[in-house]
*Asks:* 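Before we start, here is the structure in question, set down as structure tokens.
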There are 2 protein chains.
Amino acid sequence: MKITAQEEYGLRCILQLAREQGNLDAGGAMQVRDIAEREGLSVAYVEKILWTLGRSGIVESVRGPKGGYRLTRPSEEISIGEVMRVLGGMPSQEEICSQFTGNQETCVHHDGCGLRPVWVSITDFVHSVFDKIPITTLLRQGIDIQYVRLDGVGRHRPAPVPGD
Amino acid sequence: MKITAQEEYGLRCILQLAREQGNLDAGGAMQVRDIAEREGLSVAYVEKILWTLGRSGIVESVRGPKGGYRLTRPSEEISIGEVMRVLGGMPSQEEICSQFTGNQETCVHHDGCGLRPVWVSITDFVHSVFDKIPITTLLRQGIDIQYVRLDGVGRHRPAPVPGD
DNA sequence: GCTAATCCTGACAAGTTTGTCAGGTTCGGA
DNA sequence: TCCGAACCTGACAAACTTGTCAGGATTAGC
């Protein structure tokens, strides 16, 4: 399970915008050059990444001199899962079933898990977790496992929930 | 975030071994050819994957005629995270910090999250989740999100748990 | 101790991802 | 109105991943 370079850098760029969001005037934007400099990336590469993010509506551009990029929504409302999906790392359900079927035309898991490849199980799961985590979590602390209750994972019957 | 082909196929091979585990005599093993056939993969490729798994002690080989592969431990004791790490998709902590630093020599996150790239936060998190899920979960049902209680992820204070 | 079945392993071609380049388009301000 | 700062975008070389190939090493059974 790998984070692609685009995901890493895309998230970093988004985090730069999130940090700056409070400092900007209404209508203000952050320049690609500044982001590139702070992250140690080339301007061309940051442009490419921001273009991808822009196409899907997470960030928007302001053209012309004094232009740049900014988030379209408050950073608290953007989830890690959303950003990762946009950056191409997380394939959608439809794409999944056409991959990883080996040499045969149809999925070969005759019994047990039916047609679902392992892929789907794991990706589904990761999706549902990261869709619930806002990017601001990464600004503060990384993702703290202590806030995820893992009781019952991998068992058939949910373990009793200790009175919270 | 991508599952690599090796992870997908490696997990499938392990699951084949796990399914067969009960049917085998003590000392018995499953042949590469059978696994390859059931998964629709080439024998050569399955050999390569099993060799990787063998090197790290998750499976072991029996050479000669009637040889093959088998798990070294009961399948309930093998976690998805362990298998994924072995198959090369999940880099260890040490490897992580030497990657993804952009064009500069040192990590450029001056403030906020210190030296940790986004990479580390997310990978740490995924590790700690998958290390708790045995591979047998994939045999039964995929990973059922309903058994993972996500309340509070990404918030500072855990949300109340609704009565089960 | 042969033989054949089976695992073992390094080298390599094809495909994908990564990051750069070069040239375009838009638009605020002198 | 024109200039230059800044975003926009397709094409491409380098690096990595994937899956195959060919030949080698081990050992059960005769």
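Below, read A as the first sequence line, B as the second, and so on, with proteins coming before strands; counting in each chain starts at 1. Note: hydrogens, waters and symmetry copies are ignored here, and every other heavy atom, side chains too, is used. On a predicted model such as this, the values are computed, not experimentally measured, just so you know.
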*Asks:* Could you check which of D:dT27, C:dT17, C:dC7 has an atom nearest any side-chain atom of B:Y69?
*Replies:* C:dC7

*Asks:* Using whole Å, what does the distance between atom P of nucleotide D:dC16 and atom CD of B:Q6 come to?
*Replies:* 16 Å

*Asks:* Would you indicate which nucleotide in C:dT18, D:dT9, D:dA5 comes nearest to any side-chain atom of A:W51?
*Replies:* D:dT9

*Asks:* Counting just side-chain N and O atoms, does B:S42 come under 4.0 Å of either OP1 or OP2 of D:dG19?
*Replies:* no

*Asks:* Over all strands shown, is B:G68 touching base, sugar-phosphate only, or nothing at heavy-atom distances under 4.0 angstrom?
*Replies:* sugar-phosphate

*Asks:* Roughly how many Å is it from CG in B:L50 to C1' in C:dC7, rounded to a whole number?
*Replies:* 10 Å

*Asks:* Looking at A:K48 and C:dG19, is any side-chain donor or acceptor paired with a base atom of the opposite kind under 3.5 Å?
*Replies:* yes

*Asks:* A:E8 has an atom CD; how far is it from atom C1' of C:dT17, in whole Å?
*Replies:* 16 Å

*Asks:* Could you grab the distance from atom CZ of B:R12 to atom CD1 of B:I135, nearest 0.5 Å is fine?
*Replies:* 15.0 Å

*Asks:* Between D:dT27, D:dG19, C:dG19, which one does the side chain of B:Y45 approach most closely?
*Replies:* D:dG19

*Asks:* Using atom CG of B:L53 as one end and atom P of C:dC8 as the other, report the distance to the nearest whole Å.
*Replies:* 12 Å

*Asks:* Do you know which of B:Q21, B:E60, B:E20 makes side-chain hydrogen bond (donor to acceptor under 3.5 Å, both in side chains) with B:R70?
*Replies:* B:E60

*Asks:* By nearest nucleotide on DNA chain C, pick out whichever of A:V43 and A:G64 is the more 5' one.
*Replies:* A:V43

*Asks:* Go through C:dG28, D:dC21, C:dT17 for me and flag the one nearest to the B:A44 side chain.
*Replies:* D:dC21

*Asks:* Determine whether a donor-acceptor pair (one donor, one acceptor, N or O, separation below 3.5 Å) exists between the side chain of B:E47 and the base of C:dC7.
*Replies:* no

*Asks:* Looking at D:dT27, C:dT17, D:dC8, which one has an atom nearest to any side-chain atom of A:S61?
*Replies:* D:dC8

*Asks:* Mind calculating the distance between NZ (A:K66) and P (C:dG28) to the nearest angstrom?
*Replies:* 12 Å

*Asks:* What integer distance in Å separates B:I49:CD1 from C:dC8:C1'?
*Replies:* 15 Å

*Asks:* The test is side chain to side chain contact (heavy atoms under 4.5 Å, CB included); show your working for B:L41 and B:I35 and say whether it passes.
*Replies:* CA-CA 8 Å; B:L41 301 171; B:I35 298 175; over 6 Å; no

*Asks:* Starting from C1' on D:dA6, measure out to CD on A:E60 and report it in whole angstrom.
*Replies:* 16 Å

*Asks:* How many whole angstroms separate atom OH of B:Y9 from atom P of D:dT18?
*Replies:* 10 Å

*Asks:* Check this for me: does the side-chain of A:R63 come within 3.5 Å of the base of C:dT25 through a donor and an acceptor?
*Replies:* yes

*Asks:* Out of the candidates B:L17, B:T136, B:V59, B:L71, only one should pair with B:I78 under the side-chain contact (heavy atoms from CB on, under 4.5 Å) rule; please name it.
*Replies:* B:L71

*Asks:* Do the rings of A:Y45 and A:Y9 sit parallel, tilted or perpendicular, given the 30° and 60° boundaries?
*Replies:* perpendicular

*Asks:* Go through C:dC7, D:dC7, D:dC8 for me and flag the one nearest to the B:Q31 side chain.
*Replies:* C:dC7

